[in-house]
Amino acid sequence: MTATAVQATDILQTADNLRWEVGPDFHEQLMEDIYTEAGHLADRAVTWPDEEPRFDLDRTIDRLVTSRIFGFPLMILLFALVFWLTIVGANYPSQIIASVLIGKIYPLLHQGADAINMPWWLSGILIDGMYLATAWVVSVMLPPMAIFFPLFTLLEDFGYLPRVSFNLDNAFRKAGAHGKQSLSMMMGFGCNAAGVIATRVIDSPRERLIAIITNNFALCNGRWPTQILIATLFIGALAPLYLAGLISALAVVGIAVLGVLLTFAISWSLSRTILEGQVSTFSLELPPYRPPQILRTIGTSLVDRTLYVLWRAVVFAMPAGAVIWLIANVTIGGTSIAEYMINFLNPLGVLIGLNGIILVAYIVAIPANEIVIPTILMLIVLVTGVNAGEGAGVMFELDSMVQTKAVLVAGGFTLLTAINLMLFSLIHNPCSTTIYTIYKETSSKYWAAVSALLPLALGFAVTFVVAQLWRIFIGPG
Amino acid sequence: MTTEQPKIPELKFDRSACATCPAHNAGNLLKLGVDMTDWDYVLALAGNPNTGKSTVFNALTGLRQHTGNWPGKTVTRAEGGYSYKGDRYKIVDLPGTYSLLSTSLDEEVARDFILFGQPDVTVIVVDATRLERNLNLALQVLEITDRAVICLNLMDEARRHHIEVDERRLSRDLGVPVVPCSARTGEGLDDLLEAIHDVVTGEFVCQPYRLKNESSSIRRALDELVPKIQAVYPELPNARWVALRLLDGDERITEAVRSGELGNLNFQAPLEPQTAQSIPLEVAA
């Protein structure tokens with residue numbers, strides 16, 4: 001042992017002995033001392049206004065949005081408003097983008113490929129596979145994201161999100177989870193991978209694991225477009241035209257709320273079974289409301305979130321497009337690989353109120369939830385041959401909602417399929433990025449597997465039960 | 001072992017090449033993931049959650065890190081840089097924390113960086129409208145480091161609430177520069193840059209406030225432990241803080257003492273008199 005090592009041991013020994021003397025409340029005592037001195041220093045430097053302002057806007061807003069009676073309804077109303085604006089506002093630009101990317105550029109690309117005598121399989125992979133998948137993702141996702149993310153960011157900048165946490169804190173505590181989980185859940189509504197990283201604010205490993213596993217139930221932005229599109233086509237369509245937007249928005253809010261309820265339920269079960277333990281306390285500061293810097297917020301949220309997510313979707317859509325084209329066009333004994341897969345999975349799909357096409361789409365879309373709907377549409381065209389002008393395995397021009405719905409209906413979509421697709425989109429394994437993030441954050445294959453398989457099993461269970469109840473009480477669906 | 005040790009650690013001026021070399025602590029910083037190849041100084045940005053750290057970060061670097069009005073947004077470190085008066089500064093935006101005393105991951109990230117990363121200056125962003133609460137963290141940072149600047153942010157909010165803060169008195173009390181700012185509008189940022197420059201070049205010598213009025217049981221324990229630590233690590237600028245952490249049973253610090261890591265930190269002297277004196281001479285010439 002070196003001299004320094006001996007001395008170091010001596011220091012640690014002394015500290016150990018002294019720790020007995022100062023007693024177990026050392027930490028609290030020290031905190032109290034620091035608070036006292038901080039208070040003293042602050043007192044010397046700060047002059048408070050002589051009288052309280054008669055009307056304090058911040059406090060009045062706080063009383064309203066965190067009130068026992070109005071807190072939750074206001075919260076739901078506010079989010080419903082955001083989705084309604086998104087649904088109503090996104091429709092028109094979506095059509096314009098689709099008509100340009102698919103209606104104009106797509107035929108031009110084919111003409112170009114013909115002009116240079118490109119082999120059919122190469123133009124198939126490049127144009128009918130990769131380009132169309134990308135064009136589809138852009139036209140379906142860009143408009144809702146360009147509206148939704150800035151609105152959400154404005155709420156965030158205004159200071160509303162901590163109030164949501166405040167409202168939810170009690171529920172989380174009752175579920176045996178950490179109150180800060182509401183913050184990571186909020187991040188999860190943007191992106192689950194980000195939400196998983198955000199759980200680092202939770203000190204206790206037990207509560208952090210609960211937050212990580214349940215983060216998937218916060219509907220991420222890869223899944224919002226699926227929810228919004230299906231709700232608009234199938235659920236909004238049930239209502240008279242002037243109510244359609246509102247009903248669709250409420251359906252999406254309903255799914256998001258269901259996700260929150262599932263978060264509570266799963267947290268509760270985990271904290272009473274494999275992750276049993278005490279709830280730790282924490283203090284949540286409600287920051288002052290600040291007038292959002294509207295233009296800058298819109299600018300940064302467009303760049304940071306919208307374009308970032310869109311880019312990610314495009315990066316995943318291009319290879320996925322190629323894969324879809326290949327499995328749709330490579331045949332074994334006259335039947336394409338895609339058809340084999342669909343036929344194989346169809347019995348399971350039908351059992352849970354979905355179909356083989358949707359399950360194949362979810363397998364193809366493991367890298368990114370964003371491309372589920374485009375994949376479903378492409379596969380339907382392949383199997384049913386509907387609107388088959390361009391030939392099987394080609395994503396074709398869908399420049400209006402009506403046409404999109406026509407394809408889905410041709411693919412056997414019913415109201416039950418639509419509802420179960422929305423449910424399954426909420427409750428299934430997280431995307432591969434999130435699973436990898438969970439693995440990195442927990443450094444455990446076990447917890448990564450639990451986080452992936454638990455929601456998947458739950459998703460199968462929920463859709464199965466819904467399908468059986470539907471068939472018993474409502475009809476064959 | 002000697003028992004006669006000076007009560008106050010004397011300022012030791014390390015005049016070796018290492019102390020004056022810009023990459024004086026590159027090894028430790030590299031371990032923490034900070035590449036110092038192109039930079040002269042490292043600046044750490046600490047503060048309570050939601051005091052506008054990220055806004056200050058963006059204002060200084062011109063980057064567009066997403067800022068959000070809710071606590072706990074930054075859980076990892078963000079990095080950026082700027083150049084001022086010919087010196088290149090690397091900024092490391094630490095997670096916002098209320099304290100450096102507990103063991104959650106975000107507090108550990110912030111604490112480890114200030115202690116082991118040895119930034120040339122730590123800018124503590126405090127909310128002028130919530131000074132008392134924010135000073136808790138500021139006092140803890142000042143226990144660890146000798147070189148700090150307080151950025152008294154959100155002055156526009158304070159004015160809106162008719163709160164007046166006497167920054168000169170605060171600066172005298174804390175022994176570090178205090179700069180009123182409103183990072184959202186850019187107000188006061190020039191003064192902040194100048195204050196940072198003064199501290200890293202040694203033109204302003206910080207004499208950070210250290211806790212004085214701890215309870216008697218804690219003081220007795222410190223009186224016994226601090227001299228022992230100073231005997232082994234005479235160059236340690238924060239022996240008192242290390243002692244407090246050991247008494248609290250902090251595993252990371254205990255490990256740093258046991259392994260000798262604490263002694264291997266190359267503590268740069270807070271002031272290099274040669275540099276400080278040479279500046280006016282050059283100007284005169």
Side-chain angles (χ1 to χ4, degrees), chain A residues 4-5 7-12 14-15 18-19 21-23 26-27 29-39 41-49 53 153 156-159 161-162 165 180 183 186 197-198 200-203 283-285 287-290 292-293 299-301 303-305, chain B residues 1 49-50 64 66-72 75-76 98-99 101-106 129 131-133 135-136 138-140 157 161-167 169-170 173-174 184 209 211-215 217-218 220-221 224-225 228-229 231-232 243-244 246-249 254 257-258 260 263:
Chain A
T4 316
Q7 288 168 316
T9 318
D10 178 52
I11 291 175
L12 294 178
T14 315
L18 287 170
R19 205 177 308 150
E21 279 174 38
V22 293
F26 170 79
H27 193 88
Q29 187 69 54
L30 183 63
M31 286 300 270
E32 214 176 293
D33 292 342
I34 296 175
Y35 268 72
T36 316
E37 291 200 33
L41 287 168
D43 266 356
R44 283 166 56 88
V46 178
T47 318
W48 294 92
T153 317
E156 187 182 329
D157 264 21
F158 176 59
L161 291 194
S165 301
K180 280 189 193 167
L183 293 174
M186 285 297 144
I197 292 174
R200 288 184 188 174
V201 295
I202 300 173
D203 345 352
S283 60
L284 176 73
E285 184 178 7
Y289 292 100
R290 292 183 190 143
Q293 299 164 293
T300 41
S301 77
V303 173
D304 278 4
R305 297 194 170 177
Chain B
M1 187 184 293
N50 209 41
R64 290 287 169 83
H66 175 65
T67 58
N69 185 10
W70 54 308
V75 284
T76 48
Y98 293 105
S99 119
L101 291 176
S102 98
T103 52
S104 70
L105 198 60
D106 47 349
T129 64
L131 193 60
E132 179 176 348
R133 200 181 312 165
L135 281 184
N136 288 322
L139 289 181
Q140 293 177 39
E157 297 262 342
H161 292 283
H162 307 288
I163 300 168
E164 285 171 37
V165 182
D166 183 349
E167 74 267 7
R169 166 167 253 167
L170 193 61
D173 282 353
L174 293 177
R184 271 155 57 97
Y209 181 91
L211 294 182
K212 298 185 177 82
N213 305 313
E214 60 273 274
S215 354
S217 65
I218 294 182
R220 270 199 307 278
E224 188 170 340
L225 194 54
K228 283 193 188 233
I229 297 173
V232 185
L244 285 171
L246 290 179
L247 288 173
D248 206 5
T254 307
V257 172
R258 181 176 293 127

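Only a predicted model underlies this, so the values are computations on that prediction, with no experimental measurement involved. Protein chains get the first letters and strands the later ones, always in sequence-line order, with residue 1 at the start of each.
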For [X], is it the side chain, the backbone, both, or neither that has a heavy atom closer than 4.5 Å to a heavy atom of chain A?
X: B/Arg220; value: neither
X: B/Arg169; value: side chain
X: B/Leu131; value: both
X: B/Leu244; value: both
X: B/Gln140; value: side chain

Evaluation steps, side chain to side chain contact (heavy atoms under 4.5 Å, CB included), between B/Tyr98 and B/Asn136: CA-CA 8 Å; B/Tyr98 293 105; B/Asn136 288 322; over 6 Å; no
Please rank A/Thr36, A/Val46, A/Ile11 by heavy-atom pairs under 4.5 Å with chain B and give me the top one. A/Ile11
Pair count under 4.5 Å, heavy atoms only, with chain A: among B/Thr254, B/Leu225, B/Leu247, highest is B/Leu247
Looking at B/Leu174, B/Leu170, B/Val165, B/Ile218, which makes the most heavy-atom pairs under 4.5 Å with chain A? B/Ile218
Interatomic distance, B/Asp248 atom CG to A/Met31 atom CE [nearest 0.5 angstrom]: 10.0 Å
How long is the span from the CD atom in B/Glu224 to the OG1 atom in A/Thr14, to the nearest 0.5 Å? 6.5 Å
Taking every heavy atom of A/Arg19 against every heavy atom of B/Leu246, the minimum-distance pair comes out as NH2-O, 3.2 Å
Run the side chain to side chain contact (heavy atoms under 4.5 Å, CB included) check on A/Leu41 and B/Leu139 step by step: do they pass? CA-CA 10 Å; A/Leu41 287 168; B/Leu139 289 181; 3.8 Å; yes
Need one label for A/Leu12: side chain, backbone, both or neither, based on atoms under 4.5 Å from any heavy atom in chain B. side chain
A/Arg44 side-chain N/O to B/Asp166 backbone N/O, donor-acceptor pair under 3.5 Å: no
